[in-house]
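As structure tokens, the structure follows; a few thoughts come after it.
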Amino acid sequence: MKLSQFFLPTLKEVPSDAQIASHRLMLRAGMIRQTSAGIYAWLPLGLRVLRRIEQIVREEQNRAGAIELLMPTIQSADLWRESGRYDDYGDEMLRITDRHQRDMLFGPTNEEMITDIFRHAVRSYRDLPRNLYHIQWKFRDEIRPRFGVMRGREFLMKDAYSFDLDAAGARRSYNRMFVAYLKTFARMGLQAIPMAADTGPIGGDLSHEFIILADTGESEVFCHADYLARDWAGDIDYETDLQPLIDDLTALYAATDEKHDAARFAAEVPQDQQRSARGIEVGHIFYFGTKYSAPMGAVVAGPDGNDIAVEMGSYGIGVSRLVGAIIEASHDDNGIIWPASVAPFDVGLINLKPGDDAVDEQCSQLYTQLQAAGLELLYDDRDERAGAKFATMDLIGLPWQLIVGPKGVKGGTVELKNRATGERFDLAPAAAMQKLQE
RNA sequence: CGGGGCGUGGCGCAGUCUGGUAGCGCACCUGCUUUGGGAGCAGGGGGUCGUUGGUUCGAAUCCAGCCGCCCCGACCA
């Protein structure tokens, strides 16, 4: 993509509304534009990141055996009356009326709808277990939206729902998602810590939040220091019994403030290993048994022929929130530093002197060849000064900058700069291309 | 929902107290110079001052209502 033909409305000055780094940087880097309180348009650069995060989430869900579908954003109130949540949910639910005066709502979550879909399709225990998920926009009319996409009213969420015959099966489904979540966040370069959590209005009796530590996080969390350096990225065989692994992963103390037990914390964690910090919740998993299946009649025939309400769990990942969370975890004074796995482009190619035939030619060769090699490039071919180009490229945080100027071209080299470390390499073009393809 | 604050060219702000017909920086357009870390000079375009009503000879400025947005708290991916 040539920057001269892209749509990248960057800002030099910081919008006064933005309080935290990720919000400021997303606005400055031209990733989003606010259209109402807590509602954002995703501009091309932001959309690219959102899509890459979504794809990682999708791949790990699929790997863990979940099956993707897509439910609508607008739901009928009748379903919510069946579960009893139409009245319970309160003002956070955006309620609307259609032209026939039917009560509709913009879905804040999909337990009712998936339970409805499930009960119409599945009659036998032989069809279990199943885990169905979708990645869809949600709307929660938050009292106070803030921090950009971290607490928006409209947000993109992956929500999965598991159906099992009994509690033991539900536990296995829960464990699969637990591990899949750790893998998902690790792929994005995030250190997510699983913490015992309150179940909130969704209900149930087993729940974990996945927390990224950041000063700007909204919840207070407490954990053993070993969690800060843990490697979650190992290969998983989802067919094996995951319980021993889960037991190991949750052996040390980690809890959000709702579940925090100061006495236990003091007793179980040596004082110099105790960590209390702010955290960003990027995922939340629940086991809630028959909370929805019983009132909504989601039953299957068991081995003995008698109907039994299915055991359910739900599993959420805040996809759009992750964009902000990753920036909170990875930026510096000059801008964003994208982990390679979610970067909007792999390489920023900087032409320091458009109009110089030798430089133009070198750039256009690199542009063509690197694209042919499968890399996504953003080529800054604008007629701007070098400083402006460096500043833009640092701001938008692509992992590599490939800098081509007249001096280097004369000596047969180009410069490769690593955004994260600041390391620079003067290399022959072929060597630079090879390094980028590693 | 309680408390606080803000709405003036695309962005950041001054002007409001003390009413007299709108200004600065950045961005944008034109020209010249410049060219490895957000250039300089010169010229230029763009604003019903959130909105409605009131007071006044006259309102960005004073008064009232409404709308929008932000911050602090209790709830949540």
Side-chain angles (χ1 to χ4, degrees), chain A residues 9-20 23-24 27-28 30 33-39 53 57 89-93 107-110 135-160 181 192 197-202 207 209-212 217-219 256-258 279-286 314-325 333-335 350-356 359 380 382-395 401 403-409 414-415 417 422 424 426:
Chain A
T10 58
L11 302 173
K12 227 189 225 183
E13 288 177 275
V14 185
S16 58
D17 290 349
Q19 300 298 310
I20 63 171
H23 190 195
R24 281 198 298 269
L27 289 167
R28 287 196 55 214
R33 171 161 178 88
Q34 181 171 348
T35 61
S36 291
I39 303 180
I53 291 172
V57 170
Y89 220 93
D91 290 337
E92 209 167 288
M93 182 151 72
T109 178
N110 287 70
I135 299 172
Q136 177 63 290
W137 294 93
K138 305 291 187 293
F139 195 95
R140 295 183 191 172
D141 202 354
E142 297 281 347
I143 294 168
R144 186 153 86 85
R146 60 183 133 176
F147 300 151
V149 301
M150 302 278 276
R151 174 159 302 285
R153 292 195 293 171
E154 189 179 65
F155 58 96
L156 187 61
M157 180 165 96
K158 186 285 299 181
D159 40 323
Y181 274 35
D198 203 35
T199 53
I202 292 187
S207 176
E209 289 183 19
F210 293 78
I211 301 281
I212 307 296
E218 289 191 275
S219 32
T256 60
D257 55 351
E258 296 94 349
I280 301 168
E281 181 186 351
V282 291
H284 200 158
I285 61 179
F286 304 86
S314 76
Y315 315 90
I317 290 180
V319 175
S320 48
R321 173 180 286 181
L322 273 166
V323 180
D333 289 344
N334 293 325
I350 299 178
N351 183 332
L352 283 182
K353 192 159 187 179
D356 178 306
V359 175
D380 191 345
R382 296 173 304 167
D383 186 19
E384 288 284 346
R385 299 167 62 87
K389 295 189 174 189
F390 292 137
T392 297
M393 210 51 93
D394 284 351
L395 174 63
Q401 296 172 16
I403 301 159
V404 181
K407 288 178 203 162
V409 167
V414 296
E415 182 179 327
K417 177 185 160 187
R424 294 162 184 276
D426 282 313

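Computed from a prediction, not measured in an experiment: that's the story for all the values here. Just so it is clear: chains get the letters A, B, ... in the order the sequence lines come, proteins before strands, and each one is counted from 1.
Among all heavy-atom pairs drawn from A:Glu281 and A:Arg321, the shortest one is O-NH1, 2.6 Å.
In this entry the distance linking CD of A:Glu142 with P of B:rG73 reads 15 Å, nearest Å. B:rA77 atom C1' lies 5 Å from atom CZ of A:Arg321, rounded to whole Å. In this structure, A:Asn334 places its CG atom 14 Å from P of B:rG37, rounding to the nearest Å. Distance A:Met93 CE to B:rA77 C1': 17 Å, rounded to the nearest Å. One interatomic measurement links the two molecules: CG of A:Asp91 to P of B:rG2, which rounds to 13 Å at whole-angstrom precision. Protein atom CD of A:Glu13 is 8 Å distant from nucleotide atom P of B:rG12, rounded to whole Å. Remark: C1' of B:rC1 and CD of A:Glu92 are 13 Å apart, rounded to the nearest angstrom. Between A:Arg144 atom CZ and B:rC1 atom P the separation is 15 Å, expressed in whole Å.
For the P atom pair drawn from B:rC71 and B:rG25, the interatomic distance equals 30 Å after rounding to whole Å. Annotation: B:rA42 and B:rU34 have their C1' atoms spaced 15 Å apart (nearest Å). Nucleotides B:rA14 and B:rC24 are separated by 7 Å at their C1' atoms, to the nearest Å. For the C1' atoms, the distance from B:rC75 to B:rC11 is 34 Å, rounded to whole Å. To the nearest whole angstrom, the two C1' atoms, one in B:rC41 and one in B:rU8, are 29 Å apart. For the P atoms, the distance linking B:rU21 with B:rG53 amounts to 24 Å, nearest Å. The gap from the C1' atom of B:rG12 to that of B:rA27 amounts to 11 Å, rounded to the nearest Å. The gap from the C1' atom of B:rG38 to that of B:rG45 amounts to 24 Å, rounded to the nearest Å.
A:Ser36 contributes no side-chain N or O that forms a donor-acceptor pair with the base of B:rG68 under 3.5 Å. Side-chain atoms of A:Arg28 and base atoms of B:rG12 include no donor and acceptor less than 3.5 Å apart. Applying the 3.5 Å distance criterion, the base of B:rG12 shares no donor-acceptor pair with the side chain of A:Arg24.
The closest side-chain heavy-atom distance from A:Phe390 to A:Leu395 is not below 4.5 Å. The shortest side-chain heavy-atom distance between A:Phe139 and A:Arg153 falls under the 4.5 Å cut-off. Contact of the A:Ile403 side chain with the A:Lys389 side chain is not registered, since no non-hydrogen atoms from C-beta on lie closer than 4.5 Å. The shortest side-chain heavy-atom distance between A:Met157 and A:Ile317 does not fall under the 4.5 Å cut-off.
Although no hydrogens or angles enter the test, the distance criterion places no donor-acceptor pair under 3.5 Å between the side chain of A:Arg424 and the main chain of A:Glu415. Judged by distance alone, with hydrogens and angles left aside, the side-chain atoms of A:Ser207 form a donor-acceptor pair with the main-chain N or O of A:Ile285 at under 3.5 Å. Not a single donor-acceptor pair under 3.5 Å links the side chain of A:Lys158 to the backbone N or O of A:Gln136. A donor-acceptor contact shorter than 3.5 Å links the side chain of A:Ser219 to the backbone of A:Gly279.
If you check every strand for non-hydrogen atoms under 4.0 Å, A:Gln34 touches sugar and phosphate atoms only. A:Gly283 comes within 4.0 angstrom of the backbone, heavy atoms only, and of no base. In this structure, A:Arg424 reaches the bases: a heavy-atom distance under 4.0 Å links it to at least one base atom across the strands shown. Across all strands, A:Gly335 comes closer than 4.0 Å to no nucleic acid atom at all (heavy-atom distances). Residue-level contact check: A:Ala391 touches the bases, meaning some heavy atom is under 4.0 Å from a base atom. At the heavy-atom level, A:Gly316 lies nowhere under 4.0 Å from the strands shown. Counting non-hydrogen atoms under 4.0 angstrom, A:Val282 reaches the backbone sugars and phosphates but no base.
For the pair A:Glu218 and A:Arg146, the salt-bridge criterion is met [side-chain N within less than 4.0 Å of a carboxylate O].
Taking a pair to require two hydrogen-bonding distances under 3.5 Å in either a Watson-Crick or a G-U wobble arrangement, B:rA59 remains unpaired. Under the Watson-Crick or G-U wobble criterion, with both distances below 3.5 Å, B:rG45 has no partner in any strand shown. The nucleotide B:rU21 finds no pairing partner, because no Watson-Crick or G-U wobble arrangement with both distances shorter than 3.5 Å includes it. As the counterpart of B:rU16, no nucleotide is assigned, since no Watson-Crick or G-U wobble pattern has both distances under 3.5 Å. Remark: B:rA39 base-pairs with B:rU33; criterion is Watson-Crick or G-U wobble with both hydrogen-bond distances under 3.5 Å. The nucleotide B:rG68 finds its pairing partner in B:rC6, both defining distances of the Watson-Crick or G-U wobble pair being shorter than 3.5 Å.
Here the side chain of A:Gln19 is nearest to one of B:rC75, B:rC69, B:rC71, namely B:rC71. Among the nucleotides B:rG37, B:rG38, B:rA77, the one closest to any side-chain atom of A:Leu395 is B:rG38. Closest to the side chain of A:Arg140, from the set B:rA77, B:rG37, B:rC1, is B:rA77.
An aromatic stacking contact links A:Phe155 with the base of B:rA77, defined here by ring centres under 5.5 Å apart and ring planes under 30° from parallel.
Residues A:Val149 and A:Arg382 both approach RNA chain B. Their nearest nucleotides, taken by heavy-atom distance, put A:Arg382 toward the 5′ side. Along RNA chain B, the nucleotide closest to A:Gly38 and the one closest to A:Ala386 are compared, and the more 5′ of them pairs with A:Ala386.
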Could you walk me through whether A:Gln401 and A:Asp394 pass the side chain to side chain donor-acceptor pair (under 3.5 Å) check?
-> CA-CA 9 Å; A:Gln401 296 172 16; A:Asp394 284 351; 2.7 Å; yes

Using a 4.0 Å heavy-atom cut-off, write out nucleotides 27-34 of chain B from 5' to 3' as B (base contacted by protein), S (sugar-phosphate only) or - (no contact).
-> S------B

